[in-house]
Amino acid sequence: MTTKRAFPEAPVTLTGQHVQLVPLSLSHLEALQLAVQDGEPWKVWCTSVPRPEAMQADIERRLDLQKRGTMLPYTVVSLPENRIVGMTTFMNIDRAGPRVEIGSTWYAASVQRTAVNTEAKKLLLSYAFDVLDCLAVEFRTHVLNQRSRRAIERLGAKLDGVLRCHQRLADGSLRDTCVYSVTAAEWPAVRNHLHWCLTEKYQRA
């Protein structure tokens, strides 16, 4: 019988060819403030991305959730230039499953539609399934965030359903949340798809 490995108390560094995911730190503050100004993603109404002046508070929030055991936050570093380009997390950690959500992700505009997101997701999914033996990995997004939904679907995740009136946003509007997931049984096929994207699709781009 396989013994499940417990979620660590802090993130471990995950490294690929195009991207490195390193444990989030307040020392990344200035670089993250610079990265978020590239494209100003906080202006997209259906997302929740910190403005430069709110970045420190957001880092501290994520690190507090890490202490509480519900989040493992990462800074996304683009290789080989070692440039900080965004943030992502393991969140809503269910240790009993185990099961986890990948979310609270944003990227500088200059690395969107590149190999950065695909490889970051591959690294996180590989760690969740191959190391932590997760049953499933979730992705959640606003029902009206078509760009995010297409990106999640391109990874190979399947739509589980829609949580209606799931959250109230800062502007007072109600968010319907699309819940996607990849299960352990689906992971081998998804892994092959992501490998193809990284070795064929982006190599030709």
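The chain is numbered in sequence order, starting from 1.
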Could you tell me if [Y] and [X] have a donor-acceptor pair between their side chains, going purely by distance under 3.5 Å?
X: Thr15; Y: Gln20; result: yes
X: Arg175; Y: Thr177; result: yes
X: Tyr180; Y: Glu138; result: no
X: Gln33; Y: Arg51; result: no

Can [Y] be reached from [X] by stepping across I, L, V, M, F, W or Y side chains whose heavy atoms are under 4.5 Å apart?
X: Leu65; Y: Leu26; result: no
X: Met91; Y: Leu124; result: no
X: Val179; Y: Val162; result: no
X: Val131; Y: Leu72; result: yes
X: Met55; Y: Trp42; result: yes

Side chains of [X] and [Y], heavy atoms from C-beta outward: is any pair under 4.5 Å?
X: Trp106; Y: Thr47; answer: no
X: Phe139; Y: Ser148; answer: no
X: Ser25; Y: Ile59; answer: no
X: Leu155; Y: Val182; answer: no
X: Gln66; Y: Asp64; answer: no
X: Arg147; Y: Gln112; answer: yes
X: Val100; Y: Asn92; answer: no
X: Val44; Y: Val49; answer: no

Can you list everything that forms a side-chain contact (heavy atoms from CB on, under 4.5 Å) with Pro23? Sequence neighbours excluded, please. Pro11, Thr13

Take the angle between the ring planes of Tyr74 and Phe90 and call it parallel below 30°, perpendicular above 60°, tilted in between. perpendicular

Any chance you could measure [X], atom [atom1], to [Y], atom [atom2], to the nearest 0.5 Å?
X: Ile102; Y: Tyr127; atom1: CD1; atom2: OH; value: 12.5 Å
X: Leu21; Y: Met87; atom1: CG; atom2: CE; value: 12.5 Å
X: Thr199; Y: Gln17; atom1: OG1; atom2: CD; value: 9.5 Å
X: Ser104; Y: Leu24; atom1: OG; atom2: CG; value: 11.0 Å
X: Cys165; Y: Leu163; atom1: SG; atom2: CG; value: 10.5 Å
X: Lys121; Y: Arg154; atom1: NZ; atom2: CZ; value: 11.0 Å

Can you tell whether the side chains of [X] and [Y] come within less than 4.0 Å, N to carboxylate O?
X: Glu186; Y: Lys158; value: yes
X: Glu40; Y: Lys43; value: yes
X: Glu60; Y: Arg62; value: no
X: Asp58; Y: Arg61; value: yes

Check whether the ring centres of His142 and Trp45 lie less than 6.0 Å apart, and answer yes or no. yes

Of all heavy-atom pairs between Ser78 and Val85, which one has the smallest distance, and what is that distance? CB-CG1, 3.8 Å

Taking all non-hydrogen atoms of both residues into account, name the closest pair between Pro73 and Thr89 and its distance. CA-CG2, 3.9 Å

Could you walk me through whether Val111 and Arg83 pass the side chain to side chain contact (heavy atoms under 4.5 Å, CB included) check? CA-CA 11 Å; Val111 298; Arg83 177 169 62 98; 3.6 Å; yes

Please confirm whether the backbone N or O of Gly16 pairs with a side-chain atom of Glu119, one donor and one acceptor, at under 3.5 Å? no

